[in-house]
2 protein chains.
Amino acid sequence: MTEPKKRGAYAKGTAKREQILQQAIEVFGRFGFHATSMREIAKACGLSQAGLLHHFPTKEALLLALVEEREHNQEVSIHHETLPWAEAFYERMLQNMENEALTRLWANLVGEATDRKHPAHEYFLERYAKIREEFAVIMASNSPVTDEDRLRATLLIAIWDGLQTQWLLDDTFDMREPFQYAMKLLSQKPIDR
Amino acid sequence: MTEPKKRGAYAKGTAKREQILQQAIEVFGRFGFHATSMREIAKACGLSQAGLLHHFPTKEALLLALVEEREHNQEVSIHHETLPWAEAFYERMLQNMENEALTRLWANLVGEATDRKHPAHEYFLERYAKIREEFAVIMASNSPVTDEDRLRATLLIAIWDGLQTQWLLDDTFDMREPFQYAMKLLSQKPIDR
DNA sequence: GTCTATATTGAGATAGAC
DNA sequence: GTCTATCTCAATATAGAC
C-alpha cells in the first residue's frame with residue numbers, strides 16, 4: 001500500500017529520502033556500517049556527501065532511520081493468524097531470502113551492535129526481547145504461554161540468525177531445507193529423560 | 001631473513017607476540033575489528049603504535065594471526081571421544097562462555113567477513129564447511145554420515161551462533177537452558193514427513 | 001625492539017554560494 | 001536541495017634515531 005502523493009517540495013523530499021534509505025541498505029549491507037562511508041552512500045544516490053547530509057544530518061541518524069523503516073515494514077508482513085505457525089515462519093524466511101541486502105545489513109549490524117556503545121545497541125536489545133515474546137505467543141497458539149514456549153521461541157530466533165549467517169557467508173548455502181527440518185523439530189516436545 | 005642469534009632474544013619476541021595476540025582479542029572483542037584502532041591495541045600492550053607494527057606489519061596481518069591462533073587452540077579442546085556428543089558440545093559451549101572476549105570477537109568478525117572482500121572471508125567460508133562436516137561425523141556417532149546428520153549439524157551450528165548473539169547482546173541472557181533444550185531436540189528424529 | 005615524528009589518506013561534519 | 005570548498009580529527013603506515 002503506497003501513501004497518497006503529497007504536494008510540492010515535500011513529496012520530492014520524501015521520495016529522495018526513500019531512495020536514500022534503499023541505497024543505504026544496499027551499501028551498508030555490502031560492507032557493514034562502520035566500513036561504509038557516507039560518501040559511498042551519497043555516490044550511490046547521485047549526491048555529494050554534503051547533499052546527503054541535508055537529508056540525514058549524521059551517519060547515526062541515517063542508521064536509526066533505516067532501523068525504524070525496517071521495523072515498520074516487518075510488522076506489516078506478519079499474517080500468522082491465517083496459517084499454522086511453522087508455515088507462517090517459513091513464508092517469512094522466504095521473504096527474507098529475497099531481500100539479501102537488508103538481511104546482510106542486519107547480520108552485520110547485530111554483530112557490531114553487540115557493543116554497548118554502538119548507536120543501535122539499545123534498539124537491538126529491545127527488539128530481541130520483543131520478538132522472543134512475540135514468537136513465544138505465536139508458538140503457544142492460543143494457549144497460555146509457558147516457559148517451554150519461550151525456550152522454543154529463543155531457539156527459533158537463534159536458528160534463524162544462525163542459518164542466515166551461513167547463507168550470507170556462502171551464496172550456495174540453501175537455508176530452506178535446514179529451516180524446514182528445524183520447524184519439524186520445534187513442533188514436537190522433547191522426550192523426557 | 002632475520003635469524004634469531006640467541007634463544008633468549010627469540011623467546012622474548014615470541015612472548016611479546018603472544019601478549020599482543022591476547023590483548024588484541026580483548027580489545028577487538030570489545031569494539032569489533034573495524035572500530036578498533038591499532039593504537040588502542042598498542043596502548044593495551046604498553047607499546048606505541050609503531051612498536052606494535054614491528055610485530056605485525058599491518059592490521060590485517062594481526063587479524064589473520066589471531067584467526068590462526070584461535071584455530072589452533074580450538075582443535076586442542078575437543079574431547080568428544082570420551083563423552084556422548086550432546087554432553088561434549090555442552091561442555092564446549094560452557095568453555096566458550098568463559099572466554100567472552102574471544103566469543104565477542106568471533107561474532108563480530110563473522111558479520112564483517114560476510115563481505116567477500118573482507119580479509120578473513122575465505123577463512124570463515126572454509127571453516128564453516130569444515131565444522132559442518134566435523135559435527136555431522138560426531139553426531140552420526142560411529143554410523144555412516146547421512147544427509148540428516150548434516151542437516152542436524154548445520155542446525156547445531158546455527159543454534160550455537162544464534163544463542164551467542166543473544167548472549168552477547170544481553171549479559172543477562174543465559175544460553176545454558178536453551179542450549180540444553182536444543183540438545184534434547186537434536187537427539188531425536190522428527191516424527192513423520 | 002621500541003621510540004618520536006610525520007606523511008598520507010579518508011572519515012564526519014560545517015559554511016556559505018547558488 | 002544541492003553544491004564546492006574546507007575544517008578537524010583520527011586512522012594506517014613509514015622514516016629514521018636510539
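Only a predicted model underlies this, so the values are computations on that prediction, with no experimental measurement involved. Below, chain A is the first sequence line, B the second, and so on; all start at residue 1.
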- Item | Minimum-distance nucleotide (side-chain atoms of B:Thr58 versus C:dT2, D:dA13, C:dG12) | D:dA13

- Message: Counting neighbours of CD on A:Glu148 that are heavy atoms of other residues, nucleotides or ligands and sit closer than 6.0 Å, is the number greater than 12?
- Response: yes

- Non-hydrogen side-chain atoms of B:Trp160 and B:Met175 separated by less than 4.5 Å: no

- Looking at B:Phe135, is B:Lys130 sitting on its ring face, NZ or CZ under 6.0 Å from the six-membered ring centre and within 45 degrees of the normal? no

- State whether A:Glu71 and A:Arg127 are salt-bridged, where the test is any N-O pair (Lys NZ or Arg NE/NH1/NH2 against Asp/Glu carboxylate O) under 4.0 Å. yes

- Side-chain contact check for A:Lys59: nearest option of D:dG1, C:dA13, C:dT2 is C:dA13

- Item | Side chains of B:Glu68 and B:Tyr123, donor plus acceptor under 3.5 Å | no

- Task: Could you tell me the separation between the CZ atom of B:Phe28 and the P atom of D:dA11, rounded to a whole number of Å?
- Result: 12 Å

- Message: What is the distance, to the nearest angstrom, from the CE atom on A:Met38 to the C1' atom on D:dC9?
- Response: 17 Å

- Task: Could you state the atom-to-atom distance from NE2 of A:His34 to P of D:dA10 in whole Å?
- Result: 14 Å

- Query: To the nearest Å, how far apart are B:Glu40 CD and D:dA11 C1'?
  - Reply: 11 Å

- Message: Rounding to an integer number of Å, can you tell me how far A:Phe31 CZ sits from C:dA11 P?
- Response: 12 Å

- Its dot-bracket string being built from Watson-Crick and G-U pairs below 3.5 Å, with | for another strand and [ ] for crossing, DNA chain C has the pattern ||||||||||||||||||

- Measure the spacing between OG1 of A:Thr36 and CG of A:Leu63 and express it to the nearest 0.5 Å. 11.0 Å

- B:Phe33 has an atom CZ; how far is it from atom C1' of D:dA11, in whole Å? 12 Å

- Query: Can you find an N or O donor on one side and an acceptor on the other, under 3.5 Å apart, linking the side chain of A:Arg39 with the base of C:dG12?
  - Reply: yes

- Closer than 4.0 Å, any side-chain N/O of B:Ser37 to the OP1 or OP2 of D:dA10? no

- Task: Determine whether A:Pro178 and A:Phe173 make a side-chain contact, defined as any pair of heavy atoms from C-beta on separated by less than 4.5 Å.
- Result: yes

- For DNA chain D, what residues of residues 41-52 of chain A have any heavy atom nearer than 4.0 Å? A:Gly46, A:Leu47, A:Ser48, A:Ala50, A:Gly51

- Query: Any side-chain heavy atom of A:Phe124 sitting closer than 4.5 Å to one from A:His118?
  - Reply: no

- Task: Can you tell me the distance, in whole Å, between the NE2 atom of A:His54 and the P atom of C:dC18?
- Result: 19 Å

- Query: So which pairs with a foot in residues 94-103 of chain B pass salt bridge (Lys or Arg N to Asp or Glu O under 4.0 Å), sequence neighbours left out?
  - Reply: B:Glu100-B:Arg104

- Rounded to the nearest angstrom, tell me the gap between atom CG in B:Leu53 and atom P in C:dC3. 11 Å

